[in-house]
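Being a predicted model, the structure only gives us computed values, none of them experimental. For ligands, and for the atoms within them, numbers begin at 1 and follow the listed sequence.
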Amino acid sequence: MDIPYSRVQLAGNEDRYLKEVLESGWLTTSSKALQFEKSFAGYVGAKYACAVNSCTAALHLAIEALGIKEGDSVLIPTMTFTATAEIVRYLGANPVFCDVEYDTCLISPKILRQAINRNDNIKAIILVHYGGHASDMYTPDGKGIMDICKNQNIYLVEDAAHAFPTKFEGRYVGSFGDVTCFSFYANKTITTGEGGMLVTNDEAIYNRAKIMRLHGIDRDIWNRFTSAKCKWEYDIIAPGYKYNMSDISAAIGLAQLEKAEYFREQRQRCALVYFSELNDISSIDLPVFFQSIEHHAWHLFPIKIKPGSPVDRNSFIELMSEKGIGTSVHYKPLHRMTYYKETFNLNSNDFPNAERIWKGTVSLPIYPSLSDVELKYICQTIREILS
Ligand SMILES: Cc1ncc(COP(=O)(O)O)c(C=O)c1O
């Protein structure tokens with residue numbers, strides 16, 4: 001068997017939409033990107049969407065539009081990819097790292113309250129919906145993450161790189177915080193090869209992000225070349241970035257979006273096999289989820305190898321690889337990464353849950369084309385290695 005960690009799944013209409021773009025003669029940001037933005041915003045129930053070339057770009061634009069600046073503090077979970085934190089440094093602001101819950105790898109309302117009590121000038125939080133499971137956004141008694149952010153005047157940016165399509169209490173992630181950022185990187189739940197989307201209900205944030213994604217030009221390039229008057233003329237209102245999504249990527253994105261729920265159901269099928277086949281193996285912890293199973297995007301299926309298990313995490317990964325099964329690790333926490341550790345003087349003792357998670361965590365393959373035969377083989381191999 002040769003089972004990679006990730007496999008891209010084409011949705012069906014990619015060829016058709018790409019052909020339309022190629023035949024139109026306009027390859028960069030234009031009508032397909034616009035169509036993708038409209039469809040995506042409609043899907044998650046947000047007013048505005050801004051298509052960009054990565055989730056990293058979307059996150060950068062999000063905090064820039066919120067006015068985060070040099071010296072500001074932005075709360076971030078240590079259990080995330082470096083993109084979540086690096087964009088804070090782009091603006092000269094400081095990431096303040098916090099721990100996550102052991103079971104879910106998420107920031108909980110309790111962790112958020114504790115972090116705010118310890119750091120009194122947090123301007124924003126970047127919430128990561130780890131693995132595709134929504135964080136605890138609100139509660140009937142007003143004690144969820146959105147409630148806390150609102151009460152404390154803290155901006156809420158959601159890093160939803162893993163969380164499309166994800167729901168909390170029946171509402172899609174993308175319709176909650178000040179800004180939400182999605183990733184369409186090649187191994188994500190839908191892909192454009194490289195790509196991302198910023199969504200918001202705030203017109204001012206949208207307008208700023210739209211301008212800053214293309215050099216700070218005051219009108220978008222498509223308008224410049226299609227409007228009848230003063231085609232050449234434009235102004236620069238800020239030193240912006242080059243983050244726009246091409247129509248080539250958007251064509252792929254549109255096709256992928258059409259199958260997003262089917263892809264999610266297929267990943268859920270994989271998750272259900274893992275739950276039923278692995279639940280009696282005492283040396284591992286399976287993922288825990290509190291929302292309904294249909295509300296989870298199932299981007300990741302991370303298991304945790306417990307201390308005292310027959311093999312440790314690294315040996316497990318090697319043995320799986322010898323059997324032809326690819327795995328991955330999400331994540332080596334940022335407080336262990338040299339740059340963040342040394343720059344912000346971080347100590348592992350301050351992140352006990354992330355330490356426990358990181359020592360045992362390993363992500364199993366989970367994607368629509370993973371067959372039942374492959375899933376069975378993966379489960380049997382895990383059982384052999386851990387018994
Ligand atoms: C949690 C998280 N945030 C942000 C990113 C960045 O996404 P992109 O590669 O689209 O910039 C990733 C990428 O894997 C991620 O896992």
Undergrad: Contacts table for ligand 1: protein N or O within a distance under 3.5 Å of ligand N or O, distances only.
TA:
residue, atom, partner, partner atom, Å
ligand 1, 3 (N), Asp159, OD1, 3.2
ligand 1, 3 (N), Asp159, OD2, 2.7
ligand 1, 10 (O), Cys55, N, 2.9
ligand 1, 10 (O), Ser183, OG, 2.7
ligand 1, 11 (O), Cys55, N, 3.3
ligand 1, 11 (O), Thr56, N, 2.9
ligand 1, 11 (O), Thr56, OG1, 2.5
ligand 1, 14 (O), Lys188, NZ, 2.7
ligand 1, 16 (O), His162, NE2, 3.0
ligand 1, 16 (O), Tyr331, OH, 2.8

Undergrad: Atom CG of residue position Asp15 - does it have more than 12 heavy atoms of other residues, nucleotides or ligands inside 6.0 Å?
TA: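 At most 12 heavy atoms, drawn from other residues, nucleotides or ligands, come within 6.0 Å of this atom.
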Undergrad: Taking the basic N atoms (NZ, or NE/NH1/NH2) and the acidic carboxylate oxygens, is any pair closer than 4.0 Å for Glu70 and Arg89?
TA: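 Looking at Glu70 and Arg89, the cut-off is not met.
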Undergrad: List, by chain and number, the other hydrophobic cluster members for Ile211, where Ile, Leu, Val, Met, Phe, Trp and Tyr join if side-chain heavy atoms come within less than 4.5 Å, directly or indirectly.
TA: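 Under the 4.5 Å side-chain rule, Ile211 groups with Ile237.
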Undergrad: Going by the rule salt bridge (Lys or Arg N to Asp or Glu O under 4.0 Å), which residues pair with Lys150 if we only count those two or more places apart in sequence or in a different chain?
TA: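 Residues passing salt bridge (Lys or Arg N to Asp or Glu O under 4.0 Å) with Lys150: none at all.
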Undergrad: Linking directly or through intermediates, with side-chain heavy atoms under 4.5 Å: list the remaining ILVMFWY members grouped with Leu10, chain and number order.
TA: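 Hydrophobic cluster check, Leu10: joined to Val8.
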Undergrad: Parallel, tilted or perpendicular: which describes the rings of Tyr5 and His330, with under 30° parallel and over 60° perpendicular?
TA: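 Judged by the thresholds at 30° and 60°, the geometry between Tyr5 and His330 is tilted.
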